[in-house]
J.: 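Can you keep this structure in mind? I'll have questions shortly.
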Amino acid sequence: MEDSNKEPITTEPQESGAPAEQQSFSETPVKKRSSFTSKIGFVLAAAGSAVGLGNIWRFPYLAAKYGGGIFIFTYIILAVTFGFVLMIAEIAIGRKTGESAINAFKKLNKKWAFLGVLCAIIPIIILPYYSVIGGWVGKYFVTFISGGGAQAAADGYFTSFIASPWQPLLFFAAFVTIVFIIVLFGVEKGIEKTSKFLMPALVVLSIGVTIYTLTMPGAAAGVKYYLLPDFKNFSIKTLLGALGQLFYSMSLAMGIMITYGSYMKKENRIESSVHQIEIFDTGIALLAGLMIVPVSFVFSGGNPEVLGQGPGLMFVSLPKVFNSFGPVGGGILGGLFFALVLFAALTSAISLMETVISIIMDKFKLSRRKSCVIAYVGTLLLGVPSALGFGVLKSVSIGDMTILDMFDFLSNSVLMPIAAFLTCVFIGYVIKCKTITDEIELNGKFAMKKFFNVMVKYICPIGIAAILITSILDVAGVFSL
Ligand code: PFF
């Protein structure tokens, strides 16, 4: 399609190893595609999308909720099997077709265009509630830098904040507006570059906080709960929770990695890149969990209600740690921590919004500017129910699921497994594994080829279908595992 508002795309190699994140999303529909100049550029860009609130906020609360060590054990097994296979497959599809998800499946097989559409729906569902959590992080950042650390650490602070009729809305709207402005003016390259310094800072700070919290009395029991698998705690929910988290955290089963793959050069190796992204993403999630779960154990005395409370865990436990450094130290530490998390959330939200924009541009043949405005207004409208779901709209719930939980469940535990299942069937039985493995072998041997073939054809689709069906029956109350 033609788009007068778009800058011409450069196909020149870039000077530094810096990846072309911005082009990678904003210039989807042009014929000539730019590409990441180096493998490390590709890995960093993909890891930049992967590392976000999923690692820092979502992983720790799921680990605490679903039995600690057993969740981690399940997650790691799934990451090196299902995660590895799907990420390889998506990147290879992207690189082979040179298209983003919505067109890639169509290009490989016209009848399967619907799978591209399914993948496209998922970021549209995620972005609004992702931004609600981004708003919560913003609120804590503001509270800490304005000297309110002690209040933030008090019991009941988080619950009264999310139950307030306008505060979550205000911070949510502010977060979406910042993302919108960055995307509209196309300055995300600067943001992404800055985040290359800030993300290591977040890792260093998290390590510091973790070491400090692990010296607190009672932390050892928390570490044991977090790391040692107890098979008594295993249930189908652990499995589905871990699978959904895997897709979410690694930005899989929603077309994102297909888009990234479409910008990868033929001479870069897919297999080793995937290993690196997986190690990076899982490492940060494990670290965030080690920072948050034991300390939640310390402050709650191992109370299962606190551990199982869900989305609020990070916001309830960490302020207490920061506050123990006194008003000034706590303010600086807390302010810095939430600023860095805010940055991680922003970079991921930007890549989500860019995806949504490129879908609108592709589907409705609109200019980039118009598509930005539609994505912005749509995200604002769709996010309101999630933002108010803990207060004004609290009565709207299914079981103990709030509106935000429902969107989260729908995308991560229903749509993503379906998209992942269909992707495996598509590769294994429609275009055949060879199409993908040939792409991977363009520049060297694919060490895990046999494993990949067996996984894609049999184990992944059967496993995903079994997990999905059992958990739907479980939720529907047909039986409980
Ligand atoms: N993987 C991100 C996280 O763990 O926070 C979430 C995400 C970001 C998903 C960007 C998709 C995406 F395009």
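Both counts, for ligands and for their atoms, begin at 1 and track the order of listing.
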J.: Return yes or no for this condition: an N or O of Ala50 is under 3.5 Å from an N or O of ligand 1.
T.: yes
J.: Tell me if the centroids of the rings in Phe105 and Trp112 come within less than 6.0 Å of each other.
T.: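 Ring centres of Trp112 and Phe105 not closer than 6.0 Å.
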J.: Under 3.5 Å, side chain of Ser164 to main-chain N/O of Gln167, donor-acceptor pair present?
T.: yes
J.: I need the atoms of ligand 1 closer than 4.0 Å to a non-hydrogen atom of Ile256, numbered in the order shown.
T.: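 Near Ile256, meaning under 4.0 Å from one of its heavy atoms, ligand 1 has 11 (C), 12 (C), 13 (F).
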J.: For atom 12 (C) of ligand 1, which candidate among Ile284, Leu352, Thr355 provides the closest heavy atom?
T.: Leu352
J.: For the 3.5 Å polar cut-off, considering only N or O atoms, please tell me whether Gly54 and ligand 1 meet it.
T.: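 Among all N and O atoms of Gly54, at least one is under 3.5 Å from an N or O of ligand 1.
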J.: Determine whether the aromatic ring centres of residues Tyr140 and Trp136 are separated by less than 6.0 angstrom.
T.: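 Not under 6.0 Å, so no.
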J.: Heavy-atom contact check, 4.0 Å cutoff: does Pro123 meet ligand 1?
T.: no
J.: Side chain or backbone of Ser348 under 4.0 Å from ligand 1, or both, or neither, by non-hydrogen atoms?
T.: both
J.: Should the proximity of Met254 to ligand 1, defined as any heavy atom under 4.0 Å, be assigned to the side chain, the backbone, both, or neither?
T.: side chain
J.: Salt bridge between Glu439 and Lys266, side-chain N to carboxylate O under 4.0 Å?
T.: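 Lys266 and Glu439: salt-bridged.
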J.: If you measure every N or O of Leu53 against every N or O of ligand 1, does any of those distances drop under 3.5 Å?
T.: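 Yes; at least one N/O pair falls below 3.5 Å.
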J.: Run the numbers for me: atoms of ligand 1, each under 4.0 Å from some heavy atom of Asn55, listed by number.
T.: 4 (O)
J.: Give the ring-plane orientation class for Phe84 versus His275, where under 30° counts as parallel, over 60° as perpendicular and anything between as tilted.
T.: parallel
J.: Is the closest N or O pair between Tyr248 and ligand 1 shorter than 3.5 Å?
T.: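 In this structure, Tyr248 places an N or O atom under 3.5 Å from an N or O of ligand 1.
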J.: Under 4.0 angstrom from ligand 1, any heavy atom of Tyr130?
T.: yes
J.: Out of the candidates Phe337, Phe322, Phe158, Phe161, only one should pair with Phe315 under the ring pair (Phe, Tyr, Trp, His ring centres under 6.0 Å) rule; please name it.
T.: Phe158
J.: Would a line drawn from the ring center of Phe338 to the ring center of Phe141 be shorter than 6.0 Å?
T.: no
J.: Is there a donor-acceptor pair closer than 3.5 Å between any side-chain N or O of Tyr225 and the backbone N or O of Ala64?
T.: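 Yes, Tyr225 side chain to Ala64 backbone: donor-acceptor pair under 3.5 Å.
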J.: Would you mind listing which atoms of ligand 1 come within a distance below 4.0 Å of any non-hydrogen atom of Ser351?
T.: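 By the 4.0 Å cutoff, the relevant atoms are 10 (C), 12 (C), 13 (F).
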